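This structure is a prediction, so every number in the text was calculated from the model and none was measured.
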Amino acid sequence: MQQSTDPLSVTLSALADPTRRAILARLASGEASVKELAEPFAMSGPAISKHLKVLERAGLITRGRNAQWRPCRLEAGPLRDVADLVERYRRFWDESFDRLDAYLADVQRKQKESEG
């Protein structure tokens with residue numbers, strides 16, 4: 001299976017996994033080491049490293065270097081593209097519900113007029 005290379009698809013693919021979303025949520029409160037990020041999960045270090053590589057490839061995290069410590073930090077920029085995508089569809093649904101509200105109000109008004 002061919003993997004997509006467009007940035008939004010790579011970001012959405014990285015966000016599709018709950019472990020990776022939990023890692024991002026943890027990093028939203030500040031930098032953390034790989035060991036700290038692995039603590040809440042019942043999985044091996046290599047499995048956590050695999051998740052971090054996916055997040056790093058998507059540009060959602062970076063790893064620094066401080067002596068022996070390689071802190072991971074959140075890079076929220078790619079999330080902006082996801083937020084923009086979701087916002088477009090939110091507006092679509094808001095407008096659709098507004099039209100439905102107007103239609104139902106018109107139906108109710110006409111029904112009251114015909115009854116009274």
Side-chain angles (χ1 to χ4, degrees):
M1 186 164 127
Q2 185 177 5
Q3 291 190 345
S4 183
T5 56
D6 76 277
L8 182 58
S9 295
V10 173
T11 302
L12 290 170
S13 178
L15 293 173
D17 184 274
T19 300
R20 292 194 284 265
R21 291 193 304 270
I23 290 170
L24 292 177
R26 165 56 186 88
L27 290 174
S29 64
E31 294 181 350
S33 68
V34 173
K35 184 180 175 199
E36 291 169 328
L37 292 172
E39 284 173 356
F41 305 105
M43 60 178 66
S44 68
I48 289 294
S49 289
K50 246 180 158 176
H51 284 297
L52 294 176
K53 284 179 185 169
V54 171
L55 292 170
E56 200 170 18
R57 192 171 39 251
L60 291 164
I61 68 166
T62 56
R63 293 193 219 194
R65 183 172 291 280
N66 187 356
Q68 305 255 338
W69 193 56
R70 294 197 67 199
C72 297
R73 72 180 58 91
L74 177 67
E75 299 293 339
L79 293 173
R80 192 174 310 117
D81 295 334
V82 174
D84 290 346
L85 175 73
V86 171
E87 176 61 21
R88 268 183 269 148
Y89 288 103
R90 188 192 63 76
R91 270 188 261 137
F92 167 80
W93 284 111
D94 283 349
E95 290 168 8
S96 296
F97 285 128
D98 288 346
R99 285 193 305 272
L100 179 61
D101 282 345
Y103 173 77
L104 292 174
D106 188 49
V107 167
Q108 286 177 334
R109 183 185 52 76
K110 287 178 181 174
Q111 193 173 24
K112 283 182 182 177
E113 286 174 2
S114 69
E115 292 172 356

For this session: Any chance you could lay out the side chain to side chain contact (heavy atoms under 4.5 Å, CB included) test for L60 and I23, step after step, and finish with the verdict?
Result: CA-CA 10 Å; L60 291 164; I23 290 170; over 6 Å; no
For this session: Check the pair R91 / E87 against salt bridge (Lys or Arg N to Asp or Glu O under 4.0 Å), numbers first and verdict last.
Result: CA-CA 6 Å; R91 270 188 261 137; E87 176 61 21; 3.5 Å; yes
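Put simply, Y89 and L12 are part of the same group of oily side chains (I, L, V, M, F, W, Y) that touch within less than 4.5 Å, one to the next. At a threshold of 4.5 Å between side-chain heavy atoms, the hydrophobic network of Ile, Leu, Val, Met, Phe, Trp and Tyr places V10 and V86 in two separate groups. Placement of L100 and V107 within a single hydrophobic cluster is found when ILVMFWY residues are connected by side-chain heavy-atom separations under 4.5 Å, directly or transitively. One hydrophobic cluster holds both V82 and L27 under the rule that ILVMFWY side chains link at heavy-atom gaps under 4.5 Å.
The list of salt bridge (Lys or Arg N to Asp or Glu O under 4.0 Å) pairs with a residue in residues 11-39, not counting sequence neighbours, reads E31-R73. Sorted by first and then second residue, the pairs that involve residues 106-116 and meet salt bridge (Lys or Arg N to Asp or Glu O under 4.0 Å), not counting sequence neighbours, are D106-R109, D106-K110, R109-E113.
Summarising the geometry, atom OG1 belonging to T62 is positioned 11.5 Å from atom CG belonging to L55; distances are rounded to the nearest 0.5 Å. Atoms CD and CG, on E75 and L24 in that order, are 11.0 Å from each other to the nearest 0.5 Å. With rounding to the nearest 0.5 Å, the separation of CD1 in I61 from CG in L37 is 7.5 Å. From L104, atom CG reaches atom CZ of F97 across 11.5 Å, with rounding to the nearest 0.5 Å.
Side-chain contact between T11 and D81 is absent, with no heavy-atom pair separated by less than 4.5 Å.
Listed by chain and residue number, R90 satisfy the side-chain hydrogen bond (donor to acceptor under 3.5 Å, both in side chains) test with D94 (two or more places apart in sequence, or in another chain). Listed by chain and number, the residues in a side-chain contact (heavy atoms from CB on, under 4.5 Å) with D101 amount to none (sequence neighbours excluded). Applying the side-chain contact (heavy atoms from CB on, under 4.5 Å) rule to A47 yields the partners M43, S44; only residues at least two apart in sequence or on another chain are considered. In this structure, the side-chain contact (heavy atoms from CB on, under 4.5 Å) partners of R63, at least two apart in sequence or on a different chain, are V34, L52, K53, E56, R70, C72.
Of all non-hydrogen atoms in I48 and A38, the two that sit nearest each other are CG1-CB, 3.7 Å. Closest heavy-atom contact between A58 and A14: CB-CB, 3.8 Å. Closest approach of A32 to W69, counting heavy atoms only: C-CZ2, 4.2 Å.
At least one donor-acceptor pair closer than 3.5 Å links the side chain of S49 to the backbone N or O of G45.
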